[in-house]
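Naming: A, B, ... by sequence-line order, numbering from 1 per chain.
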2 protein chains.
Amino acid sequence: MLSKNKIKLIRSLDQKKHRKEHNLFIVEGEKMVNELLTSSLSIREIYATRVYYEKIIKKQSLEINQVTEKELGQISQLKTPNQTLALVEIPNISTNECNTQKGLYLVLDNVQDPGNLGTIIRTANWFGVSTIFCSPDTVDAYNSKVVQATMGAIFTTQVVYTDLTEIFKNAKKHYTPIYGTSLKGENLYKKTLSENALIVMGNESKGISENTYLHIDEKILIPTFVEENVNVIESLNVGIATSIVLSEFRRQGAENRKR
Amino acid sequence: MLSKNKIKLIRSLDQKKHRKEHNLFIVEGEKMVNELLTSSLSIREIYATRVYYEKIIKKQSLEINQVTEKELGQISQLKTPNQTLALVEIPNISTNECNTQKGLYLVLDNVQDPGNLGTIIRTANWFGVSTIFCSPDTVDAYNSKVVQATMGAIFTTQVVYTDLTEIFKNAKKHYTPIYGTSLKGENLYKKTLSENALIVMGNESKGISENTYLHIDEKILIPTFVEENVNVIESLNVGIATSIVLSEFRRQGAENRKR
């Protein structure tokens with residue numbers, strides 16, 4: 001049985017300050033917890049209904065707390081609770097890993113929507129981006145909505161919250177170019193893109209902040225193909241824009257390796 | 001003042017059957033209603049708080065119903081109502097427009113999430129896709145969540161709900177190739193893509209249905225670039241996958257026109 005205090009603690013994890021205080025975040029649902037079990041993250045506790053309990057108890061050396069559907073409902077942050085919920089330790093990321101010498105990195109400047117951040121982490125994983133730098137005002141990656149939207153990519157992606165200026169300084173020291181999307185940018189498809197790079201994406205409505213914009217070396221634009229007599233929307237969703245840009249960086253990279 | 005019956009009618013439009021019955025859908029917020037006013041859609045009624053009322057009354061010949069913030073809250077489907085709400089007639093799309101002879105078309109097979117459909121319509125607009133065919137079991141495009149997520153693209157995009165088999169037959173008659181994403185597909189970046197084509201995208205968890213899959217001529221795959229020792233997620237979000245595929249079709253098209 002779940003104690004009142006335990007329920008209170010778990011429910012409090014919907015707030016960033018409580019996640020920080022306990023150094024814990026929530027992972028929910030069969031698929032996500034299955035993924036979690038294959039990751040290297042430290043699981044503090046797992047709650048499971050009988051259905052899921054019987055599925056995993058044989059495989060795991062972990063202690064699993066069996067709960068009723070009703071109890072799961074009391075601790076779940078989902079509209080439709082799904083068999084299991086785990087409390088996981090927030091990984092400790094050392095600043096040594098903020099090296100931007102080799103490889104492709106994402107930098108998020110004040111992205112606000114949890115769904116967008118989750119989708120960006122998911123897409124970054126697919127395209128082999130293992131570290132994402134976020135400005136301190138970007139939404140917290142251990143927010144449940146973000147975690148669930150990553151479909152498990154959060155378990156293997158390093159999300160580092162830090163002063164972006166430091167990251168840009170480091171990149172410049174290593175001559176790593178900094179790309180950013182801008183309405184004044186050059187056509188993405190016509191630019192020669194480097195796979196050793198930082199790609200900066202901005203806020204949903206305001207785009208890249210003035211301060212960050214000063215650091216951008218290469219301004220890129222995803223061109224529209226709308227017909228002349230048709231109204232075109234102002235911009236693409238930030239998750240969509242990120243995916244198109246990542247796809248093109250990787251496509252060009254593969255093309256170059258072939259030569 | 002808003003009558004109880006009017007409030008009831010507007011609130012009922014959160015359900016598809018009532019939207020069909022009244023042939024109306026809801027558009028909310030300053031930005032969206034501004035876009036709406038530049039479109040060719042028929043606006044039945046506009047409700048506005050004093051702030052928005054004073055902004056648009058001079059420009060429009062339309063009759064605008066002034067409401068209080070509280071009244072707007074009673075009819076709004078947003079968490080944070082935003083100055084204005086319009087009732088708009090659902091456009092009547094004739095089946096003549098289901099011709100798939102020239103151009104790039106999207107086909108959605110049982111896409112369920114309103115946010116995904118909205119983002120897909122927004123992205124389609126950016127990439128100059130003016131018609132989207134949806135299987136009858138795809139979420140309704142005039143659902144408020146879809147409408148708001150399109151950022152206005154719904155006003156200029158034709159979304160046609162129809163038996164997909166008919167669309168595929170028509171495409172084959174015109175020798176228009178039918179592309180679809182599949183885990184068994186060929187690398188998207190290595191394929192020669194035609195801008196006269198149908199692109200089929202499937203359900204969030206199940207992908208393209210068995211029936212639809214039989215009609216796919218060209219199976220494509222967005223390759224992953226994850227490093228070998230890192231876990232990779234199973235798939236991309238359907239909105240993300242759609243955008244990457246559209247981007248690559250248009251990039252190749254532009255490249256070919258240059259030659």
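Between chain A and the residues B:T242, B:L246, B:N237, the largest count of heavy-atom pairs under 4.5 Å involves B:N237. Ranked by heavy-atom pairs shorter than 4.5 Å toward chain B, the options A:A254, A:A149, A:S243 are led by A:S243. Put simply, of A:V232, A:V226, A:T156, A:L236, the one with the most heavy-atom pairs under 4.5 Å next to chain B is A:L236. Between chain A and the residues B:T38, B:V230, B:I233, the most heavy-atom pairs under 4.5 angstrom are made by B:I233. For the set B:A124, B:S235, B:A241, B:G253, the entry with the most heavy-atom pairs within less than 4.5 Å of chain A is B:S235. When each of A:E255, A:K31, A:R250, A:M151 is scored by its heavy-atom pairs under 4.5 Å with chain B, the top score falls to A:R250.
Atoms CZ and CZ, on A:R251 and B:R251 in that order, are 3.0 Å from each other to the nearest 0.5 Å. Taking OH of B:Y189 as the reference point, atom NZ of A:K258 lies at 13.0 Å (rounded to 0.5 Å). For the atom pair CZ (B:F155) and CG (A:N231), the distance works out to 10.0 Å, reported to the nearest 0.5 Å.
The shortest distance between side-chain heavy atoms of B:W126 and A:I244 does not fall below 4.5 Å.
Within 6.0 Å of atom CD in B:Q15, more than 12 heavy atoms from other residues, nucleotides or ligands are found, so the atom counts as buried in its surroundings. At most 12 non-hydrogen atoms from other residues, nucleotides or ligands lie less than 6.0 angstrom from CD of B:E227. The environment of B:K219 atom NZ is dense: over 12 non-hydrogen atoms of other residues, nucleotides or ligands sit within 6.0 angstrom.
Only the side chain of A:E248 comes within contact range of chain B, judged by heavy atoms closer than 4.5 Å. For B:T119, the part sitting under 4.5 Å from any heavy atom of chain A is the side chain, from C-beta outward, and nothing else. Residue contact with chain A, scored on non-hydrogen atoms closer than 4.5 Å, involves the backbone and the side chain of B:I222 alike.
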